[in-house]
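Note sheet for the following structure.
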2 protein chains.
Amino acid sequence: MPPPRRAARRRDAEENRARVVAAARELFAEEGFEVPLDAIARRAGVGRATLYRNFPDRGALAAEIFDGNLRELEAQAAALGERADALLELLRAIVDMQVEAHAMVPALLQEPRAPDLAALERRVRRLLAAPLRRAKAAGQVREDLAIGDVTTGLAMIAAVTGDTTVAARRRRARRALELLLYGLLPRGESDTSD
Amino acid sequence: MPPPRRAARRRDAEENRARVVAAARELFAEEGFEVPLDAIARRAGVGRATLYRNFPDRGALAAEIFDGNLRELEAQAAALGERADALLELLRAIVDMQVEAHAMVPALLQEPRAPDLAALERRVRRLLAAPLRRAKAAGQVREDLAIGDVTTGLAMIAAVTGDTTVAARRRRARRALELLLYGLLPRGESDTSD
DNA sequence: GCTCAAGCGGACACTGGCGTCCACTTCCAC
DNA sequence: GTGGAAGTGGACGCCAGTGTCCGCTTGAGC
């Protein structure tokens with residue numbers, strides 16, 4: 001059936017909804033995914049009922065917000081096309097995004113996951129699949145890397161970016177990505193132990 | 001001053017205290033550091049007041065438990081002596097311990113930290129300092145590695161070991177350590193970008 | 001065995017977040 | 001302007017976790 005032609009919302013209702021989304025975007029970024037829904041409603045200047053009317057739960061609200069972020073990443077992926085370093089560029093972009101909106105990666109990749117977000121998590125994996133394949137083919141990343149390793153890596157980085165200021169988050173996130181990309185061991189020697 | 005010669009506790013009181021500690025050890029391992037204190041008291045078969053009488057808060061209880069774990073690690077460090085690979089061995093030991101008692105690393109290394117645990121966190125850093133120095137001198141790890149990078153790495157690994165079964169935790173923890181040690185990029189080539 | 005302080009644990013009050021309800025307000029078609 | 005449906009938000013009840021209080025129980029010294 002065709003999408004049931006939602007009756008036009010009243011203009012004030014539309015505005016309130018937009019303000020809720022904006023407030024949620026800010027607070028997810030500032031406080032993380034666990035921020036109380038009251039706080040979002042208060043920041044938006046609406047009652048809690050208004051928030052709940054528009055979004056039955058935290059997951060629905062998050063889905064709306066993260067969908068935007070994900071579109072952005074998908075656009076970047078498309079722009080990078082078949083470049084061999086597309087995977088690394090995407091990883092950097094995702095980590096940067098995590099710095100600005102530090103709720104998304106943990107919300108999407110950490111267990112347990114809200115049901116509304118499961119589909120978005122699949123989009124992340126799909127986003128990374130082709131670039132990973134090409135990066136491996138081009139010898140840009142180690143051969144045995146699976147898609148789950150990449151998302152695990154992102155979750156690992158996200159876990160240490162809980163600092164309160166954006167600058168501090170950026171510093172830690174960059175260092176964590178650097179450590180993870182290059183490893184703790186020295187480069188350029190083969191280690192045959194293990 | 002000498003420790004103020006605590007008046008001998010009644011035998012049943014001593015027993016209850018021990019059962020609280022044992023229950024907390026189990027539940028921290030099973031459920032993580034955030035497990036409700038009620039649950040611990042219930043598992044120990046004592047009332048909540050008994051738990052609070054012995055440990056004013058979660059931090060005090062955790063401090064008692066993690067202190068034991070830390071002693072074990074310090075003993076291992078001492079046994080490893082000045083071996084160049086002592087740092088890597090310790091990292092493996094800490095990750096293994098995190099698999100069994102998966103509350104300790106996040107509780108000690110993640111912010112914000114309960115005040116009782118700050119001293120234990122300093123012990124972790126002290127534990128790693130000398131092995132790190134020697135590992136660098138021996139070329140076992142990259143030159144620019146700081147002590148904070150090592151603890152960051154441990155926190156990163158801990159973040160992805162939230163699975164419910166020990167076996168699943170072990171698998172993920174080992175993979176995460178492996179990724180972090182060797183990096184995502186292929187070995188044996190110099191990468192001059194960045 | 002008796003005594004009594006140490007120790008116990010159930011009951012209680014408090015807090016913070018969630019989700020719902022409903023009397024009131026506001027927009028908009030007429 | 002006005003009627004009435006759409007929309008609002010404060011007030012309310014619920015729940016889970018925390019911390020405390022106090023009348024009862026019990027171990028241990030005599």
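Quick note on labels: first sequence line is chain A, next is B, and so on, each numbered from 1.
In this structure, the CZ atom of B:Phe55 is 15 Å from the P atom of D:dG19, given to the nearest Å. For the pair B:Glu34 CD and D:dA16 C1', the interatomic distance rounds to 14 Å; values are reported in whole Å. Distance B:Glu15 CD to C:dC8 C1': 14 Å, rounded to the nearest Å. Protein atom CG of A:Asn54 is 15 Å distant from nucleotide atom P of C:dG19, rounded to whole Å. If you take CG of A:Leu51 and P of C:dG17, they are 15 Å apart, rounded to a whole angstrom. The separation between B:Asp57 atom CG and D:dT20 atom P is 10 Å, rounded to whole Å. Following rounding to the nearest Å, A:Asp12 (CG) and D:dA6 (C1') show an atom-to-atom distance of 8 Å.
Under 4.0 Å is where a charged nitrogen must lie from a carboxylate oxygen, and between A:Arg43 and A:Glu30 at least one such pair does. Using a 4.0 Å cut-off between charged nitrogen and carboxylate oxygen, A:Arg123 and A:Asp67 count as a salt-bridge pair. The residues B:Arg142 and A:Glu178 are annotated as salt-bridged, a charged nitrogen and a carboxylate oxygen being separated by less than 4.0 angstrom. Ionic pairing of B:Glu89 and B:Arg92 is present here: one or more N-O contacts between side-chain nitrogen and carboxylate oxygen are shorter than 4.0 angstrom. The pair A:Arg169-A:Asp96 does not meet the salt-bridge criterion, since no charged nitrogen lies less than 4.0 angstrom from a carboxylate oxygen.
Listed in residue order, the members of residues 24-31 of chain B having a heavy atom less than 4.0 Å from DNA chain D come to none.
Exactly one residue among B:Arg58, B:Arg25, B:Arg71, B:Arg17 makes a salt bridge (Lys or Arg N to Asp or Glu O under 4.0 Å) with B:Glu64. That residue is B:Arg17.
At the phosphate of C:dG9, neither OP1 nor OP2 sits under 4.0 Å from any side-chain N or O atom of B:Arg53.
Residue B:Leu37 has its side chain nearest to D:dG19 when only D:dG19, D:dG17, C:dT20 are considered. Of the candidate nucleotides D:dG7, C:dC18, C:dA11, C:dA11 has the atom lying nearest to any side-chain atom of B:Arg48.
Map B:Ala49 and A:Gly47 each onto its nearest nucleotide of DNA chain D; the residue landing nearer the 5' end is A:Gly47. Residues B:Arg11 and B:Pro56 both approach DNA chain D. Their nearest nucleotides, taken by heavy-atom distance, put B:Pro56 toward the 5′ side.
Residue contacts shown for A:Asn16 are limited to sugar-phosphate atoms, with no base heavy atom under 4.0 Å away. No engagement by A:Arg42 is indicated, since no non-hydrogen atom pair under 4.0 Å with the nucleic acid exists. No engagement by B:Arg17 is indicated, since no non-hydrogen atom pair under 4.0 Å with the nucleic acid exists. Base engagement by B:Asp38 is indicated by at least one non-hydrogen atom pair under 4.0 Å involving a base atom.
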- Item | salt bridge (Lys or Arg N to Asp or Glu O under 4.0 Å) evaluation trace for A:Glu100 with A:Arg170 | CA-CA 8 Å; A:Glu100 304 295 338; A:Arg170 177 169 298 121; 2.8 Å; yes
